[in-house]
**Q** 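Handing you this structure, nothing more for now.
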Protein chains: 2
Amino acid sequence: MGRTSDAREKLLAAALNLIWSSSYGAVGVDQICEVAGVKKGSFYYFFASKSELAVAAYEAYWQAKLPDMEALFSPDIPPLQRLESFCRFGYEAQRQKFEEFGFVVGCPYANAGSELATLDPRIRVKTQEIMERVMGFIESAIHDAVQAGDIPPLNPKSAARQVYSVILGDLLRAKVENNPEVLADLGTTVSHLIGAPNTCATA
Amino acid sequence: MGRTSDAREKLLAAALNLIWSSSYGAVGVDQICEVAGVKKGSFYYFFASKSELAVAAYEAYWQAKLPDMEALFSPDIPPLQRLESFCRFGYEAQRQKFEEFGFVVGCPYANAGSELATLDPRIRVKTQEIMERVMGFIESAIHDAVQAGDIPPLNPKSAARQVYSVILGDLLRAKVENNPEVLADLGTTVSHLIGAPNTCATA
DNA sequence: GTGATTGTTGACCATTCTGTCAACTAACGC
DNA sequence: GCGTTAGTTGACAGAATGGTCAACAATCAC
């Protein structure tokens, strides 16, 4: 077998956190290595390039957060409550990051997509993949809500896209205003959007 | 008086276009100068830093597009039609850029905000300013629509924020999927969101 | 122990980055 | 013409960039 190491995992974690609170372009390989406590030579032993590290880091982060997502969107929870909880979860997460850094950092995948979609095909495709997974969860909740008669019948896929767009947009506005409170009633907005009870188009 | 020059304007235009289709971090001062046909010495005669140039470039671009915005949101046009036209305008713009570059480039302000909100306070505030102006236009249309009885009564400011979020989110999704068609029925989504006739929460 | 495998190290390279500066030049008022 | 103001130029600096490599060290199977 040979020598073992957790350098790879440390690099993935360091890269995700640094890039998330800053940007891909502004974070250097040296900086990632320093935070990870790994020498640059080792970096290029595990990853062929900074870009490849980023792709792996996003995938690893998704895998790490997957249990949370599955808990939030568990079929045991009423569908509309799943969406509400997901929104609240995002809100809380941004508030926490805001406390930590003094900045609303937004969504790591959205940040990457926005910065790199035209520059790095692999990163673009990876963020696309992950966003589709998120929309899949949203879609399942909407589907179940329709099935349960909680909301009027609508196309779950198309509705999920709209819901996700509102979430992404609100996250971006919160980041640009550097104010997590922008996200405070995201859940209500989402409920309106899909026509949840006595909230149809009344802001 | 002394010598005159259009170097400043050329730099503003070159910077905006380069950064828009790429990213702030990935575009160098040398590159901007080359496209503008201006030597670097002149760059730093007009601008103290790359960051300052970016701020000026976004403001200049907004000012240049302001007539379009005023035409789109003219009080002479029925309020709901203003929103519809604005969405269509954005869709067409992205399609055009897609033809030109092979990429959905998204919104220049949103790109800047997403990449730089945590890194460059001045750029963050400038994008915030401009986004507020956009929301002002949207708000006026919604206000007039309510006044005209076209849509149910709602808070125009809060509704405008939601509408803008959907637009930003859709633009980001289009960029990440590199598919301008994501924006094809943005107008319909927006109409739904504000409760326009016979479209309440039916996707 | 031996050998193969896996991972570590730090010096090194070429390039690119933002930003600087002193010398130069064009246009204007007078 | 003369002085002043406004703008241009190209060479330069210092740091940071992503990436390379050959020598070294730890671990395992046998």
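So you know, we letter chains A, B, ... as the sequences are listed, proteins then strands, and number each from 1. Values below: every heavy atom of this structure, side chains too, minus hydrogens, waters and symmetry copies.
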**Q** Side-chain donor-acceptor pairs under 3.5 Å in residues 110-121 of chain B, sequence neighbours left out?
**A**
{"unit_1": "B:N111", "atom_1": "OD1", "unit_2": "B:K175", "atom_2": "NZ", "d": "3.3"}
{"unit_1": "B:N111", "atom_1": "ND2", "unit_2": "B:V105", "atom_2": "O", "d": "2.8"}
{"unit_1": "B:N111", "atom_1": "ND2", "unit_2": "B:C107", "atom_2": "O", "d": "3.4"}
{"unit_1": "B:E115", "atom_1": "OE1", "unit_2": "B:Y24", "atom_2": "N", "d": "3.0"}
{"unit_1": "B:E115", "atom_1": "OE2", "unit_2": "B:G25", "atom_2": "N", "d": "2.9"}
{"unit_1": "B:T118", "atom_1": "OG1", "unit_2": "A:S21", "atom_2": "O", "d": "3.0"}
{"unit_1": "B:D120", "atom_1": "OD1", "unit_2": "B:S51", "atom_2": "OG", "d": "3.4"}
{"unit_1": "B:D120", "atom_1": "OD1", "unit_2": "B:R122", "atom_2": "N", "d": "3.2"}
{"unit_1": "B:D120", "atom_1": "OD1", "unit_2": "B:I123", "atom_2": "N", "d": "3.1"}
{"unit_1": "B:D120", "atom_1": "OD2", "unit_2": "B:S51", "atom_2": "OG", "d": "2.7"}

**Q** Can you name the side chain to side chain contact (heavy atoms under 4.5 Å, CB included) partners of A:E139, sequence neighbours left out?
**A** A:P156, A:K157, A:A160
**Q** Residues two or more places apart in sequence or in another chain: which of them pass salt bridge (charged side-chain N to carboxylate O under 4.0 Å, His left out) with A:E177?
**A**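 For A:E177 the salt bridge (charged side-chain N to carboxylate O under 4.0 Å, His left out) partners, ignoring immediate neighbours, are A:R173.
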**Q** Is any side-chain heavy atom of B:F86 closer than 4.5 Å to a side-chain heavy atom of B:V190?
**A** no
**Q** About how many Å separate CD1 of B:I142 and CZ of B:R161, when rounded to the nearest 0.5 Å?
**A** 11.0 Å
**Q** Just to confirm, is there a sub-4.0 Å distance from OP1 or OP2 of C:dT6 to any side-chain nitrogen or oxygen of A:T4?
**A**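 Indeed not, no polar side-chain atom of A:T4 lies that close.
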**Q** Would you say the side chain of A:Y58 lies within less than 4.5 Å of the side chain of A:I19, judging by non-hydrogen atoms?
**A** yes
**Q** Can you give me the first and the last nucleotide of DNA chain D (5' to 3') that has an atom within less than 4.0 angstrom of a non-hydrogen atom in chain B?
**A** D:dT5 to D:dG10
**Q** Any chance you could measure B:L186, atom CG, to A:Q162, atom CD, to the nearest 0.5 Å?
**A**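 Rounded to the nearest 0.5 Å, the CG-CD separation comes to 9.5 Å.
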**Q** Once side-chain hydrogen bond (donor to acceptor under 3.5 Å, both in side chains) is applied, what residue pairs with a partner in residues 100-109 of chain A remain, sequence neighbours excluded?
**A**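 Found none.
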**Q** Could you identify which residues of residues 111-124 of chain A place a heavy atom less than 4.0 Å from some atom of DNA chain D, listed by residue number, or say none?
**A** none
**Q** For nucleotides 22-24 of chain C, give me every protein contact, N/O to N/O, under 3.5 Å, one pair per line with atom names.
**A**
none

**Q** Apply side chain to side chain contact (heavy atoms under 4.5 Å, CB included) to B:R88 and list each qualifying residue two or more places apart in sequence or on a separate chain.
**A**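 In terms of side chain to side chain contact (heavy atoms under 4.5 Å, CB included), with neighbours along the sequence ignored, B:R88 is linked to B:E92.
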**Q** Check DNA chain C against residues 21-33 of chain B and give the residues with a non-hydrogen atom under 4.0 Å, in numerical order.
**A** B:V27, B:G28, B:V29, B:D30
**Q** Go through residues 38-46 of chain B and report each residue with a non-hydrogen atom lying under 4.0 Å from DNA chain D, sorted by number.
**A**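 B:K39, B:G41, B:S42, B:Y45, B:F46, in order of number.
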**Q** Within this structure, what is the CD1-CG distance for the pair A:I32 and A:N17, rounded to the nearest 0.5 Å?
**A**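 CG of A:N17 is found 11.0 Å from CD1 of A:I32.
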**Q** How many Å lie between CG on B:L18 and C1' on C:dC17, as a whole number?
**A** 16 Å
**Q** Test side-chain contact (heavy atoms from CB on, under 4.5 Å) on A:L16 and A:L12 and set out the steps.
**A** CA-CA 6 Å; A:L16 188 108; A:L12 290 171; over 6 Å; no
**Q** Taking atom CD of A:E34 and atom NZ of A:K39, what is their separation to the nearest 0.5 Å?
**A** 9.5 Å
**Q** For B:A48, report the nucleic acid contact type (base, sugar-phosphate, nothing); a contact means any heavy atom under 4.0 Å.
**A**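 B:A48: no heavy atom of the nucleic acid under 4.0 Å.
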**Q** Any salt bridge (Lys or Arg N to Asp or Glu O under 4.0 Å) pairs touching residues 1-21 of chain B, not counting sequence neighbours?
**A** B:D6-B:K10
**Q** Could you tell me the separation between the CD1 atom of B:I19 and the P atom of C:dT18, rounded to a whole number of Å?
**A**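 Rounded to the whole Å, the gap is 10 Å.
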**Q** Please report, to 0.1 Å, the donor-acceptor pairs under 3.5 Å made by any side chain of residues 65-83 of chain B, with sequence neighbours excluded.
**A**
{"unit_1": "B:S74", "atom_1": "OG", "unit_2": "B:D76", "atom_2": "N", "d": "3.1"}
{"unit_1": "B:R82", "atom_1": "NE", "unit_2": "B:S74", "atom_2": "O", "d": "3.2"}
{"unit_1": "B:R82", "atom_1": "NE", "unit_2": "B:I77", "atom_2": "O", "d": "2.8"}
{"unit_1": "B:R82", "atom_1": "NH1", "unit_2": "B:D144", "atom_2": "OD2", "d": "3.0"}
{"unit_1": "B:R82", "atom_1": "NH2", "unit_2": "B:I77", "atom_2": "O", "d": "3.1"}
{"unit_1": "B:R82", "atom_1": "NH2", "unit_2": "B:D144", "atom_2": "OD2", "d": "3.1"}

**Q** Show your reasoning for whether salt bridge (Lys or Arg N to Asp or Glu O under 4.0 Å) applies to A:E129 and A:R133.
**A** CA-CA 6 Å; A:E129 271 178 38; A:R133 294 176 205 165; 3.1 Å; yes
